[in-house]
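What follows is a set of notes on a single structure, which appears directly below.
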Number of protein chains: 2
Amino acid sequence: MAKDRVDDDKFDITKLKRPSVTVDIIIFSIQESDLKILLIKRKIEPFKKSWALPGGFVWFDESLKEAAERELMEETGVKDVYLEQLYSFGDVNRDPRTRVITIAYYALINPDKIKLKADTDASDVAWFSLKNLPKLAFDHDRIAKYALKRLRWKIEYTTVAYSLLPEKFTLTQLQKVYEVILDRKVDKRNFRRKILSLKILKDTKEMTGDVSHRPAKLYSFKSKELENIEII
Amino acid sequence: MAKDRVDDDKFDITKLKRPSVTVDIIIFSIQESDLKILLIKRKIEPFKKSWALPGGFVWFDESLKEAAERELMEETGVKDVYLEQLYSFGDVNRDPRTRVITIAYYALINPDKIKLKADTDASDVAWFSLKNLPKLAFDHDRIAKYALKRLRWKIEYTTVAYSLLPEKFTLTQLQKVYEVILDRKVDKRNFRRKILSLKILKDTKEMTGDVSHRPAKLYSFKSKELENIEII
DNA sequence: TCAAAAGTGTTGTGTGTACACCCATGT
DNA sequence: ACATGGGTGTACACACAACACTTTTGA
């Protein structure tokens, strides 16, 4: 056993038969009070006409994160959004063509940026509610499920919620983000007391206008650094 | 942008210039009341004679986890231990030879299994305290640091501690696991009250013998399934 | 004046934290 | 008898959960 220890160094690493490496991205956003992800309809086999996560090969001269950023830009036209590595999936037969290992990322996009989706062809790119996903290509169901699990954790224990909201937002909007992601109602008074006690919000001194009910205060996050705090 | 969407399908994926893929493993165990990891001294360039994490190439016909299990077996002779994917590291120049993406795993080994290390050559495989790590090869410092962070989180919020202990253990041993990993003292009475209230331990009705002080009750975990509970 | 969302407090319950002494055993 | 780790309870502070009505605006 010990003798195999340096096996790696015995290979000519330029000749070894190598798996392919891709990145796939789960792009989350909140639209119509619902949590959605972006999917793409495949045009070729395998899984032709199935919906799949956006993704593609990692180039030889770009890092994993750069590959994910590039894919994100290609699919949505957005950049500088929250993007975090999720997990790597490497089962031998997850792609029927050949051995493909994928590094999954997830992105959070706020409504200000989403307008850009208009320039994609609506018939083969679409947002789907997580409550109503079609059967996805490859092992993408599993990946999407895992991403949702991570997002739920992340929103409870960090300040990522800012990535899903516009710069300025009301406490009710913030609460809705929590309710939609966690898929449960949250008590308004307790939520407000808790979130304000964390001192992570800044009162912008502005109010919502043009609403046919009482205007609400607008807040923004003091910091866009991701902080680890128990939020809810 | 949208037109690039199916770039992946335009490549002949058997010919694309591909990064190499390895797995590296951070193998944790508690020895001499200290948290240690297993390192290997490199015999060839680059980083010849530096200490590095055990690892090696992912074969074409094995999953990522199988590759990690194989490496673990090769280095330590153990199997059926706690093994979890940590993160994937893919900076372009992390290996000076060529493009190498590594999927890092971490393993937790209990003292019952560790005897096996004897059959490795002591001069090029060794356990190092995390408080006293040498400078590691490649980006392995960063990987080890990240693994420790994950382990700290994991032990606070799940029942993984069982993986670092023998089948039967005393409450003091369990507490020591927490203290060593979290690197802080824990109050004995509060710890015991908390851990017993979680109902995850079973009283084996046995006691430690042959100790020159009052014997202690031996406990075991009711379940070896990993449970997500706030432990401490 | 109505509809719609904004905003606001109190109380009970449970949980975390701080803290010190006696017990059982082997040498 | 002494050294060593095993084992136990209480009090206070704080956080969480449950719960309903008044306010402000536009239509």
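Quick note on labels: first sequence line is chain A, next is B, and so on, each numbered from 1.
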Just checking, any donor-acceptor pair under 3.5 angstrom between side chains of [X] and [Y]?
| X | Y | result |
| --- | --- | --- |
| A:Arg192 | A:Thr172 | yes |
| B:Ser129 | B:Asp34 | yes |
| B:Ser63 | A:Asp91 | no |
| B:Thr204 | B:Ser220 | no |

Atom [atom1] of [X] to atom [atom2] of [N]: distance rounded to whole Å?
| X | N | atom1 | atom2 | value |
| --- | --- | --- | --- | --- |
| A:Arg184 | D:dA17 | CZ | C1' | 12 Å |
| A:Tyr178 | D:dC16 | OH | P | 13 Å |
| B:Lys194 | C:dT15 | NZ | C1' | 8 Å |
| B:Phe191 | D:dT8 | CZ | C1' | 16 Å |
| B:Asp210 | C:dT25 | CG | P | 13 Å |
| B:Ile229 | C:dT15 | CD1 | C1' | 16 Å |
| A:Glu156 | D:dC16 | CD | C1' | 14 Å |
| B:Glu179 | D:dG5 | CD | C1' | 13 Å |

### Query
Is it true that B:Phe169 and B:Phe221 have ring centroids separated by less than 6.0 Å?
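Yes: the rings meet the under 6.0 Å criterion.
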### Query
Taking protein heavy atoms under 4.0 Å as touching, what does nucleotides 3-10 of chain C look like 5' to 3' if B marks base contact, S marks sugar-phosphate-only contact and - marks none?
-BBBBBBB
### Query
In terms of ring plane angle, is the pair B:Tyr157 and A:Tyr157 parallel, tilted or perpendicular, where the classes change at 30° and 60°?
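Rings of B:Tyr157 and A:Tyr157: tilted, as their planes differ by 30° to 60°.
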